[in-house]
Every structure is written in C-alpha cells, then in structure tokens.
Amino acid sequence: MAVKAESIAKRYFRKTGGANYFYAVQPVSLEIAAGEIAVLTGRSGSGKTTLLHMLSGLLKPTEGKVRIDETDLYSLDDRALSRLRSERIGVVPQGRSAIDTLTVLENILLPAKLYGRPLPVEGARQWMERLGIAPLGDARPAELSGGELRRMAIVRALAQSPDLLFADEPTGDLDDENTRLVLSAFQAYAHEQKKAVFVVTHENDALQYADTVYQMDGGRILDR
Amino acid sequence: MTKRRMFLRMITASLLRRRSRMLIALLSIGIGATILAGLVTIYVDVPRQMGAQFRSYGANMLLLPKDGETLNGESLAEALKAIPEDALVGAAPYRYVRLDMTTRQQSFPAAGTDFDEITKTSPYFSVEGEYPGESGQVLVGKEIADTVGVKPGSTMKLTYQPSGSASDKTPEESRVPGAALSGKAEGFGGGIVYVSAELDEEMKIASLSVDASTQTPEYGGQVPENEAFLGQFIGKALPLTLNEDVDALTGATVTSSAVVDALNKATEAAVSAQPKTQNFTVTGILTTGGEEEGYVFLSLRDMEAMTGEDKLDVAELSVSAGVDQLEAYAEAITENSGSVRARLVKRVARSEASVLEKLTALVFLVTLVVLLLTMICVSTTMMAVVSERRREIGLRKALGASDGAIRAEFLGEGLFLGLLGGVMGAVLGFAFAQAVSVNVFGSSITFQPLLLPAAILVSMAIAAASCLLPIKRAVAIDPAIVLKGE
C-alpha cells in the first residue's frame, strides 16, 4: 500500500505583510511506496509536521489530494477516516503521547481496543522486546522516562502492523544507541514487511536508513 | 478486555483521575437533584398538604335539603357517596332548634351534631374541657356559658317546646288528668270519623264520643249510639289494637277501625306535642370568636330524642379538592340525590385555589432556576475537563478514535455523574422534603416510589445536556494542532 500526495498544500490565514494568508506547506507532490522508508528533514518551522499530518489523515490540506492506494483520504467522512487511520495507519506523534490512566501495554493496545479488534498482544511483546521496554508492560506512563515513553509510542504504532507508518521526530528523546535501534527497526519494518514508512526528523543519522530523503525549507520541498 | 469494558474503564478512570473536579460536578448534580426531588415531592404534596391546611379554615361545601324535601342521616350518607373517601375531610350534620332553660328563664339556639365530624370540619374550634362523648352531654358556647353561668361539669335542664304545642302551657300543665284528645280517621267510603276522648289520672280513657255522621246510617252510623261498643274503650290505655283490645261492631268493621285509628293518632300527636325536658351535663365551653359561641351543641341522638324527628337542616362538608373538582362534586350530588342539593362556600374554595396556584408557580420557578444553575456548574466543570484533556483527546483521535467515540466517552461520563447524582438527589431530596414538610406543614409525607427513577432520569438528562457544549469542544479538537510541537 502506498501513499500519494497530489499537489497538496496547507494555507493559513494571517493578516501580515500585504497578503492575508501564508502557506505552511507549498503545493507538493510525492509518493511513498510499500517497502520504502522515506525521511524528511528540515529546520524547525519548515512545515515538516504539517506535511506529515496531511499525509497521515490528521489534517485536511487546503489544496490537492492525498490518496492511499486509490482512496481519496479526505473524501471519507469522519467515521470512515477514523477507522482507516486506526486500521491502516500508524502515527508516532511528537512529544509525549500517553494516556496516563492506562498501563503501558494498554496504551500500546489502545488503537485496536478503540474498535474492538483482536489485540495484537504478541506483536506488541515482540516490539517491546526489540526496543528494550519489555519489562514495562504493566507500568504507568508516569513511571517512565522520556526515552521509554517515546519507545512506547513507537511500539504502539508498530504493533498494529499498519500499512503506513508516520513518525514525527521519533528519536527526539533517545540516546544514540536507542536512536539506531529505532531507525533500524523502521528500516526493517519497511523492507521486510513491505510497508511504507515516513519519518520526519532533523537527525542526520537518520539519512543513512532512508531509501528516499526529502528536505524542506519554508514550506517547500527542496530538490534532492 | 472487551470494547465495552474498555469504555467503562476509561470513563471510571477519567472520573477517578479528576476526583476533585468530578466531585464538584457530582455535588452540583447531587444538590440540584436533591432540591429538584425535594421540590417535586413538595410540589406533588403541596395541594394535599395545603389542602389539609386550608381545611382547617372550615367547611367549603354545604349540603341542604331541596325544596319540600327532608335532609336526614340516610340521605346525607347517600349524597356523600359522590365524594371519594380520601377527599372528604369531614362532614358535620346540623339540626337547629331553640331550647329553653326554664330555671334561668332563658332560651337559646341549639345544634344537634356529630362531634367527631366537627373536629374535622372545624378544627379551629377551641374547647375548654372536652367534647361531649356520650348521650346527655352538651358543649356550650362561651356567650351562653357566661350568661347562664355554667362551666364544665355543670348540669343544664333543657326543654324542647315543639311548635304547635300551646306555648302558654308549661310542660307540667299539659300532662294533668282530664286532658282531652281529639282525632279523626278515614272511615267507610272515604267519610271522616271524628273522635274525642277524656283521659283519667292514669292516662286511661274516661269518656269517649264519636261523630260518624258520614257513615252509612244503618251500619257505621250506629257506632256513636252503641253503648256496648263504646263501653269497651273505657279504662283502657292508648294505643289500642282492634280485635285485641276492643272488638269491632258487627257490620261496621271499617268504622270501628276508624275510631281506633283516630284515637291512636290523637295520642301520638299529643305525645309528640309534649314538651321534652332532659338534664344535660356540660362537658366543655366552646370559644370560636364567631356566632357558634351563642349555641348549645348536643349529639344528634339527643336532639332526635328531644324533637322526635330524624331531620337535619344542613351538613357542612370539608372537602380536599380544587375549585373545579369541588364544583364537579357539588353538581354530582345535586343531580344524583333526590332530596339533597350541594352549594360551595365559594370564598373559601376560590382563595384556596389562588394560593395553591401561586405556591406551585413559585416551586416551579425555583426548580427551574436550580436546574439552570446545576447545568451551568456541570457544564463549566466539564469544559475544564475537556481543556485539561485536550492533548489526550487529540491523541485518541490520532490513534483512530472517531468523533462519535469521543462524544460517547464524554456523554458516558456525564450520564454516570447524572446517575450517581440522581440516586443521591432522590434520597437526600426526600429527606429534604420530609424536613420541610414536618417543619412547615407539620405533617410527614410518604415516599413516592416514582421519585427515584424520575430523579435519576432528570439528573441524567441535565448532566447530558450540560455536556453538550463541552462535547462540542472536545470533538472540535484538531489532533494535528494538539499533537504538534509540545
């Protein structure tokens, strides 16, 4: 399964400097195929996260279309889009993203629980093992370090075996060793399981794991 | 873990996690429900409560005999069937006559009544001493008591002077020997037979003369001349039975029977025309501030014995009902009863209705304001909760939760709070209503079984309505914006 952006752009209204709007993301077309890991780098405020949100079905572009296979993502109603996100798309959001009332394992299994799907407990255990948080299943998020929380969020995205995985600064809280662990896990996930992976980062180390690298500046994708 | 268990877990966890906030929301719903349940209980009970209160201001319906008819115990009981038992507070019958107190040369109005009913219809009657409990006892109005100088325990000798009996004769005089009896009865062919007799000292017949000029001369016309027939009557006490005490004249059976009838009727009339005197014990002195203080009250049974008549002048009814209902009852009585008509004491009935209306409107208004305040409080609290959970809500959405799922979760929290608050409100509300009822109305109320489900339903509805705006906010949260950057 591939994700394809057709001239998508995000424009916000802002009454400054003559024009009354500005582009957070200038019109851009790109495609991430199954089995491919793409890395998007760029400075803060360059529009990376906005682009990721548009591709992952969280933010409707003001122009253009996002297609997943042949489905126009934003032509779906809230219910269908939510279900599709839950079943096919994994997102690792920026920053802390845990529900404190649930245990680590429950947090990881939450997307499946929301729709009453069979819980991917085995997959979750394997990924927890691989990323070094296996003993923390019954812990509460409040008891975890920043790095552990980040890996929990990554396991949550991976455990559902999504066709499309979007990760926003997934290595921000991690040390070098864990950064390598995570990036190689993403690479393996893309290559071995033939899934599309899209990573937003400003970590130069990430580039060596990428099949495709995009660079963004001022809302524009630069030529590679 | 099933989806439903997961849902419940999320709700309870969320409620517990924000204990203090939720406690505030729960308290406001609980207090709202308490006041609501309390006021509704009072609201339902007010007409009954106030009705009972109003009933202490006296009768609101009168039963009177129709023109040319007689009201008595029987026709009264029949008429009262039109009013449901639980609405009828009391029905006091009255029979008014004048009684003489010859020892004091006084005469005053007297009322025969049922004292048990009087305590119900006229609870404002204030009695020094006790109400009469048995025959031969009277309750005396304060005015009379002061005039003739009686107090509880005194004896009053009261005389009933039937209208028609010679008022210039004292009771003793009309009993002296030599009193004449005269009477008449229908004889043969409808002709009237007249008799007159004199009584001796033992009240037995001393002499008898008959006028049978309307009867057939050769049969009944012979009666006045027949010494053997007339002789049978001398020395006999009245009343008599034909063919037992006296034999009929052969060939003039009808006329003979008329003579006996005329004598018996004359005796009866003489007896009933006799003034009746009886000694009564005063058990209490009545103070009302009204004209009742100028009356002597005795039991209906004593009144009947004095007058020899089973007759009532009026019955005062105290009925717990609104004006419309009262009018319906009155109409039903007047229509269905052959001898009784009902009339409303309109001043009392109308003022009751108007006060009740104002009271219920006030209760309704207060309830509305309380519900509004509850909604504002719960809504504000839930709004704060949504703000606090913005990031979590955004995350859920990012993980695939639909707007419907977010709605369901917050609505679930609201309904759960409503459920708890409703149970709390129903229990505390009843206690509140009970306290108000006991302190204000001086009577306790019965628990309405419907109150519990009603309070819970209303609380849940209020809580759900209060959550609408917060839910709208929650659904509007854009995961992309919330998850960005923090």
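A, B, ... follow the sequence lines: proteins, then strands. Residue 1 opens every chain.
Of the two parts of A:Arg117, neither the backbone nor the side chain holds a non-hydrogen atom closer than 4.5 Å to a non-hydrogen atom of chain B. With a threshold of 4.5 angstrom between heavy atoms, A:Pro111 approaches chain B through its backbone and through its side chain. In this structure, chain B has a heavy atom under 4.5 Å from the backbone of A:Ala98, while its side chain stays farther away.
Nearest heavy atom pair, residue B:Ala480 against residue A:Leu58, reads CB-O, 3.9 Å. The two residues B:Lys397 and A:Arg85 have their closest heavy-atom pair at O-NH2, 2.5 Å. In this structure, A:Ser86 and B:Gly400 approach most closely via the heavy-atom pair CB-CA, 3.8 Å. For B:Glu392 against A:Ile99, the heavy-atom pair with the smallest separation is CG-CG1, 3.6 Å. Among all heavy-atom pairs drawn from B:Arg391 and A:Gln94, the shortest one is NH2-O, 3.0 Å.
A:Arg220 CZ: 12 or fewer foreign heavy atoms inside a 6.0 Å radius. Counting heavy atoms of neighbouring residues, nucleotides and ligands inside a 6.0 Å radius, atom CZ of B:Arg473 does not exceed 12 of them. By the 6.0 Å contact criterion, CG on B:Asn439 is enclosed, its count of non-hydrogen atoms from other residues, nucleotides or ligands being greater than 12. In this structure, B:Phe364 places its CZ atom where only 12 or fewer heavy-atom neighbours from other residues, nucleotides or ligands lie under 6.0 Å away. Shown here is A:Glu129, whose CD atom has no more than 12 heavy atoms of other residues, nucleotides or ligands within 6.0 Å. With a 6.0 Å radius and a threshold of 12 heavy atoms from other residues, nucleotides or ligands, A:Arg79 has its CZ atom at or below the threshold.
Chosen from A:Ile89, A:Leu81, A:Asp100, the residue pairing most often with chain B at heavy-atom distances under 4.5 Å is A:Asp100. Taking chain B as the reference chain and counting heavy-atom pairs below 4.5 Å, the highest number among A:Ala112, A:Ser56, A:Ser97 is found for A:Ser97.
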Show every donor-acceptor pair shorter than 3.5 Å between a side-chain atom in residues 367-376 of chain B and any protein atom, with sequence neighbours excluded, or say none if there are none.
| residue | atom | partner | partner atom | Å |
| --- | --- | --- | --- | --- |
| B:Thr367 | OG1 | B:Val363 | O | 2.6 |
| B:Thr374 | OG1 | B:Val370 | O | 2.8 |

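Contacts between residues 401-424 of chain B and chain A, defined by a heavy-atom separation under 4.5 Å, are made by B:Ala401, B:Ser402, B:Asp403, B:Gly404.
For the atom pair A:Lys60 NZ and B:Asp478 CG, the distance stands at 12.5 Å (nearest 0.5 Å).
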For this session: Report the C-alpha distance between B:Leu399 and A:Val91 in whole Å, list the side-chain angles of each, state the deciding distance to 0.1 Å, and finish with yes or no for side chain to side chain contact (heavy atoms under 4.5 Å, CB included).
Result: CA-CA 7 Å; B:Leu399 295 179; A:Val91 176; 5.7 Å; no
